[in-house]
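Below, chains carry the letters A, B, ... as their sequence lines are ordered, and counting in each starts from 1. The model shown is predicted, which means the values in this text are computed figures rather than measured ones.
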Amino acid sequence: MSLQDTIEFQVKSAVKALFQSELESVEFQATRKEFAGDITVVVFPMLRVVKGNPAIIGEQIGQYLLDHVDLVIGFNVVRGFLNIEINDVHYLNFFNSIKDNSTYGYVDQKDDKAVMVEYSSPNTNKPLHLGHVRNVLLGYSVAEILKASGKKVYKTQIINDRGIHICKSMLAYQKFGANETPTETLKGDKLVGNYYVKFDQAYKAEIAELIAQGQSEEAAKKNAPILLEAQQMLIKWEAGDDAVVALWKKMNQWVYDGFDVTYKNIGVDFDAYYYESDTYLLGKEFVAEGLKSGVFFKKEDGSVWCDLTSDGLDEKIVLRSDGTAVYMTQDIGTAIQRIKDYPDVGGMVYTVGNEQDYHFKVLFLILKKLGFDWAKNLFHLSYGMVDLPSGKMKSREGTVVDADDLIQEMADTAEEISEELGKLEDYNQTEKETLYKTIGLGALKYYILKVDPKKRILFDPKESIDFQGNTGPFIQYTYARIQSILRKSTSTSSEDEVFSGLTLHEKEKQLIKQLELFPEVIQNAAEQHSPAVVANYTYELVKDFNSFYQNVSILGADTDLEKSFRVALSKSVSHTIKNAFQVLGIEVPERM
RNA sequence: GGUCGCAUAGCUCAGCUGGAUAGAGCACCUGCCUUCUAAGCAGGCGGUCCUAGGUUCGAAUCCUAGUGCGAUCACCA
């Protein structure tokens, strides 16, 4: 029974004994640090059942607890708040129970139903940028959090490998490419992206020319020859034209190879890949089926729609009049295909920007109407855009923060700071570079993950990401500090040493209290699909540890017992940091 | 215009299902490295919680209206 459950039970008993009333629940909160006590019972809500002065009621309940509960050793009442002091034995017992658990906070898989988490899902005509980075970090982390909370998880993506966008790159490559191929210094995704930009430049030049010849801007945008040519190419692709398909395959492969390098760099992975070119046909099949069952209806021109007006939404097209698939068609197909491939999946999480809120609302509704029971367990992990001070990032216009560049810059900053501090003289070059990457990525990932996914992020490249304060490196640093202590510790304390008879220092107690929260934090983060919950918790834990570290001597403790206890406590904190950061996808260094 | 999201210190952000004098970091100012890593610690400065109503013993938190910013409402993805 947890501390809170115990106290709740006893408070109810107290109210029954003192006031002959039944309490449904007891409201708790952490005791504010300016008052004595470890846990606080809020008296006000009881006034509905127990009439009287809250201060006096608190006083009476407090006295009852002191008399009847061993672990309560004191109390005070401030207005309607009953602050209860808990004895050290409780905290020591708890600590003994978790101190050697290196997977503390994680729950073994308990759910037979799996969750599929989709993230990244890029178009194949340009390299990944900062916007994708947020997506990838969020999706990966939520997947890891769900795993830690006891779910089986599959990570996946849908690759938008077909469409007009890739044709634009292909066409520009044909026209201006001179058979260029990826090289060591030019990754395939960058190469293809360059041609996407070149297409846009040529397109804009043509528009300007047409306008100069007297066409309206609108007409010019539609009639630019290079655009018409790209559209022709798409039609050829759909018809299976050998040359076009061959080029498409070649250039997509360049992009995939480039993406792989970036994903590896970021440190994320996938269990399953889906390609739009594979799933849109299945979507079409189910549209046909839905048409039969009356979920969809056909308009005179042949286009197929879903009427969502009774759900407060509009009519939504699911198939064009020419019979070709739209985005929705493909997403219907992909969802169904995934459940076919992984029958144990009972729900899915889609990590996609909030600009697509409406799309997913509609998609989920349609899947429900089609009668899939898993459709009630679909969640759109909607996140805010990453904007630059200059506004939105646009690949076409080259105003993007490139993912590979950003990661490199972060590592460079880590190197500068590390060199300046000069604590790593005995590290060789490889060790140093690994560490710089760990720290640089730690800074970047933490910076992005610590903010609530819903909120948009304004990223200013000129104001570099911090390495001090509430940051990844600060937390990594604390971990490294603990490792240093563990290396130096000559304490022979065995794994199964049980600590008792100690009087806890205020800072020690605070740390144990904070550790106690971790499993709940993981569950909360999973429910809310929010890595930010884990990040903020970790920061609090680390602040508490540093305060302990600077105010209490660990290796210089007065007695062997104290020393051994403090080393064990530090070790436990380091496990928790590591486990928390692992679900954020951030590595922790042995030294820094 | 309809719908959805966001609004908290100069800046970046916490604030759980309503609870005590609204918390951190950065920046600025003070102290602390002959003792376990100063990417740190201890402290100071800094707030009409967008506005106006409402519900409540109690509202940054819930409800309504408004303001500002963003997104979306395509036979684009």
- Item | Whole-Å gap separating C1' (B/U17) and CD (A/E24) | 15 Å
- In plain terms, say whether A/D200 and A/K394 are close enough for a salt bridge, that is, a side-chain N and a carboxylate O under 4.0 Å apart. no
- side-chain N/O A/K454 vs B/C6 OP1/OP2, d < 4.0 Å: yes
- Query: Taking the side chain of A/E355 as its heavy atoms from C-beta onward, which of B/G40, B/C36, B/A71 lies nearest to it?
  - Reply: B/A71
- Task: Please give the nucleotide sitting opposite B/U56 as a Watson-Crick or G-U wobble pair, both distances under 3.5 Å, or none.
- Result: none
- Query: Between B/G19, B/C4, B/A20, which nucleotide has the shortest distance from any of its atoms to the side chain of A/V42?
  - Reply: B/G19
- Message: Give me the distance, rounded to whole Å, that separates B/A22 from B/G40 when you measure between the P atoms they each carry.
- Response: 27 Å
- Query: Distance between the P atoms of B/U51 and B/C11, in whole angstroms?
  - Reply: 15 Å
- Query: Within the pair A/S489 and B/C36, is there a side-chain N or O less than 4.0 Å away from OP1 or OP2?
  - Reply: no
- Query: Does the ring center of A/F474 lie less than 6.0 Å from the ring center of A/F467?
  - Reply: no
- Query: Atom OH of A/Y539 and atom P of B/G25: how far apart are they, to the nearest Å?
  - Reply: 5 Å
- Item | A/Y327 vs B/A77: side-chain N/O to OP1/OP2 distance below 4.0 Å | no
- Base, sugar-phosphate, or nothing for A/F44, non-hydrogen atoms under 4.0 angstrom? base
- Message: B/G70, OP1 or OP2 - any side-chain N/O from A/K455 closer than 4.0 Å?
- Response: no
- Task: Specify the glycosidic conformation (syn or anti) of B/C33, with syn defined as within 90° of 0.
- Result: syn
- Is A/L47 touching bases, backbone alone, or none of the nucleic acid, heavy atoms closer than 4.0 Å? nothing
- Message: Would you measure the distance from the P atom in B/U12 across to the matching atom in B/G70 and give it in whole Å?
- Response: 15 Å
- Message: Need the pair for B/C6. Rule: Watson-Crick or G-U wobble, both distances under 3.5 Å, any strand; none if unpaired.
- Response: B/G68
- Message: Is A/R481 close enough to B/A38 that one of its side-chain N or O atoms is under 4.0 Å from OP1 or OP2 there?
- Response: yes
- Considering only side-chain heavy atoms of A/K33, which listed nucleotide, B/A20, B/A24, B/A39, is closest? B/A24
- Query: B/A42 base to A/S547 side chain: any donor-acceptor pair below 3.5 Å?
  - Reply: no
- Message: Counting only side-chain nitrogens and oxygens, does A/S484 get under 4.0 Å of the OP1 or OP2 atom of B/U37?
- Response: yes
- Task: Compute the centroid of each ring, for A/F545 and then for A/F548, and state whether the two points are separated by less than 6.0 Å.
- Result: yes
- What nucleotide, of B/A20, B/C41, B/A39, holds the atom closest to the side chain of A/N546? B/C41
- Indicate, with a heavy-atom threshold strictly under 4.0 Å, whether A/P45 touches base, sugar-phosphate, or nothing. base
- Message: Looking at the base of B/A39, is there any donor atom on it, or on the side chain of A/S418, that sits under 3.5 Å from an acceptor on the other one?
- Response: yes
- State which residue, out of A/Y383, A/F364, A/F379, fulfils the ring pair (Phe, Tyr, Trp, His ring centres under 6.0 Å) condition with A/Y350. A/F364
- Note on the structure: The Watson-Crick or G-U wobble partner of B/C11, with both key distances under 3.5 Å, is B/G25
- Item | Watson-Crick or G-U counterpart of B/C49, or none if no pair lies under 3.5 Å | none
- Query: Heavy atoms under 4.0 Å, any strand shown: does A/T40 hit a base, just sugar-phosphate, or nothing?
  - Reply: base
- Message: Quick check on RNA chain B: between A/N470 and A/L313, whose nearest nucleotide comes earlier from the 5' end?
- Response: A/L313
- Item | Stacked cation flag A/K299 on A/W305, 6.0 angstrom / 45 deg | yes
- Query: Is there a side-chain polar atom (N or O) of A/R162 under 4.0 Å from OP1 or OP2 of B/A77?
  - Reply: no
- So, is A/R566 close to the B/C36 phosphate, meaning a side-chain N or O under 4.0 Å from OP1 or OP2? no
- Query: Which part of the nucleic acid, if any, lies within reach of A/V78 when heavy atoms closer than 4.0 Å are counted: base, sugar-phosphate only, or nothing?
  - Reply: base
- Does A/R396 make a cation-pi contact with A/Y196 (under 6.0 Å, within 45 degrees of the axis)? no
- Query: Touch check for A/N83, heavy atoms < 4.0 angstrom, all strands: base, sugar-phosphate only, or nothing?
  - Reply: base
- Task: Any strand is fair game: report the nucleotide pairing with B/G1 by Watson-Crick or G-U wobble, both distances under 3.5 Å, or none.
- Result: B/C73
- Message: Taking the minimum atom-to-atom distance to the side chain of A/R456, which one of B/C69, B/A39, B/C73 wins?
- Response: B/C69
- Watson-Crick or G-U counterpart of B/C32, or none if no pair lies under 3.5 Å: B/G40
- Message: Taking 4.0 Å as the cut-off, does a side-chain nitrogen or oxygen of A/R487 come that near to OP1 or OP2 on B/U37?
- Response: no
- Item | Watson-Crick or G-U counterpart of B/U17, or none if no pair lies under 3.5 Å | none
- Message: Looking at B/C36, I'd like to know if its phosphate oxygens (OP1 or OP2) sit under 4.0 Å from a side-chain N or O belonging to A/K563.
- Response: no
- Message: Is the distance between the ring centroids of A/F44 and A/F81 under 6.0 Å?
- Response: yes
